[in-house]
Amino acid sequence: MSNMKNCPNCGEALAKSAKFCPKCGAQFKKPLFKRLLLPVVCIAAIVVAVGIFSGNSEKQDALISYINEDIKELAELEEEMLDSYHSVVGSNYTDDYTMYNEISNTTIPLCHELNEKVLEVNPSDPEIAEIHNMYRKCVSKYLNAMGMATAALENQDIDQVLKANDLIDEATDLAFDFQQALQELADERDVVFKN
């Protein structure tokens with residue numbers, strides 16, 4: 001007995017367990033995932049930082065450089081990744097096929113690129129390095145969650161969606177911790193953020 005079937009819409013050969021056709025998008029079961037994937041919170045939403053007092057200009061300059069150079073570049077890529085993800089979840093959800101294609105073809109490659117760039121940043125200042133490590137962990141969790149989400153769509157597995165959501169929750173908590181720690185260090189070093 002064959003473990004294959006053909007798409008009734010375009011004839012593409014598929015596994016018998018396939019829930020949608022990756023070629024034409026035809027769905028074979030009612031979609032399970034409308035609005036189940038959680039939104040992702042932007043981590044690096046800082047525009048520019050400036051020093052307001054030069055108590056320790058070396059430490060202040062290191063933080064300003066981290067924010068204005070390292071984080072700014074990461075923030076642009078992160079925003080692009082999040083725009084892709086948010087275009088197919090929540091109120092923007094249309095169907096599992098569209099969600100699957102967007103996440104697997106655009107969101108995940110952008111998240112991989114972001115992860116690589118985050119790993120390239122190695123602050124020499126120990127306090128900044130500790131804070132940046134939160135960002136590394138956060139992006140890694142987002143990447144794992146996106147991979148889990150595509151697997152959930154392929155398998156029509158609600159448990160995998162819930163696990164992906166748990167990872168997104170963990171990543172979101174890390175994002176808030178990162179933002180708070182960065183703000184606290186900025187306050188200590190007399191650095192302010194300007195929009």
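Reckoned from all heavy atoms, side chains included, excluding hydrogens, waters and symmetry mates.
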Would Gln156 and Asp96 satisfy side-chain contact (heavy atoms from CB on, under 4.5 Å), going step by step from the backbone distance to the final call?
CA-CA 9 Å; Gln156 294 289 288; Asp96 289 356; 3.1 Å; yes
Scanning both residues in full, the closest heavy-atom pair of Pro109 with Ser104 reads CD-O, 3.4 Å
From CA spacing to verdict: side-chain contact (heavy atoms from CB on, under 4.5 Å), Glu69, Glu73
CA-CA 6 Å; Glu69 295 168 23; Glu73 180 184 346; over 6 Å; no
Reported CE-to-CD distance for the pair Met81 and Glu79, which is rounded to 0.5 angstrom:
10.5 Å
Could you report the tightest heavy-atom contact between Lys59 and Arg189, atom names first, then the distance?
O-NH1, 2.9 Å
Closest non-hydrogen atom pair, Ala171 against Tyr142
CB-CE2, 3.3 Å
From Asn68, Leu185, Asp125, residue fulfilling side chain to side chain contact (heavy atoms under 4.5 Å, CB included) relative to Leu63
Leu185
Using 30° and 60° as the class limits, which term best fits the ring planes of Tyr135 and Phe178: parallel, tilted or perpendicular?
parallel
Given Glu170, which partner from the list Lys141, Lys163, Lys137 fulfils the salt bridge (charged side-chain N to carboxylate O under 4.0 Å, His left out) test?
Lys141
Which one of Leu167, Asp157, Val161, Leu143 satisfies the side chain to side chain contact (heavy atoms under 4.5 Å, CB included) criterion with Met148?
Leu167
How close do Ala164 and Ala149 get, counting heavy atoms only, and between which atoms?
CB-N, 4.1 Å
Would you indicate whether the side-chain heavy atoms of Ile168 and Met146 approach each other to under 4.5 Å?
yes
Rounded distance [0.5 Å steps], CG in Asn115 versus CG in Leu119
5.0 Å
Do Leu77 and Leu182 share a hydrophobic cluster, counting only Ile, Leu, Val, Met, Phe, Trp and Tyr and linking them when any side-chain heavy atoms are less than 4.5 Å apart?
yes
Residues Ser84 and Leu110: closest non-hydrogen pair is CB-CD1, 4.4 Å
Enter the distance from Asn122:CG to Ile128:CD1 here, rounded to the nearest 0.5 Å.
12.5 Å
With distance as the sole criterion, is a donor-acceptor pair present between the side chains of Gln183 and Gln179 under 3.5 Å?
no
Rounded distance (nearest 0.5 Å) linking atom OH of Tyr100 with atom CG of Asn105:
8.0 Å
Find out whether Ser65 and Asp61 are in side-chain contact, i.e. whether some heavy atom of one side chain is under 4.5 Å from a heavy atom of the other.
no
Let me confirm one number: the CD-CD distance from Glu154 to Gln160, rounded to the nearest 0.5 Å.
9.0 Å
Over all atoms of both residues, closest heavy-atom pair of Asn92 and Ser87:
CB-O, 3.2 Å
How far does CD1 of Ile108 sit from CG of Leu114, to the nearest 0.5 angstrom?
13.5 Å
Hydrogens and angles aside, do Glu102 and Thr107 bring a side-chain donor and acceptor to less than 3.5 Å of each other?
no
Checking side chain to side chain contact (heavy atoms under 4.5 Å, CB included) between Val118 and each of Asp70, Ile71, Leu74, which is the one that passes?
Leu74
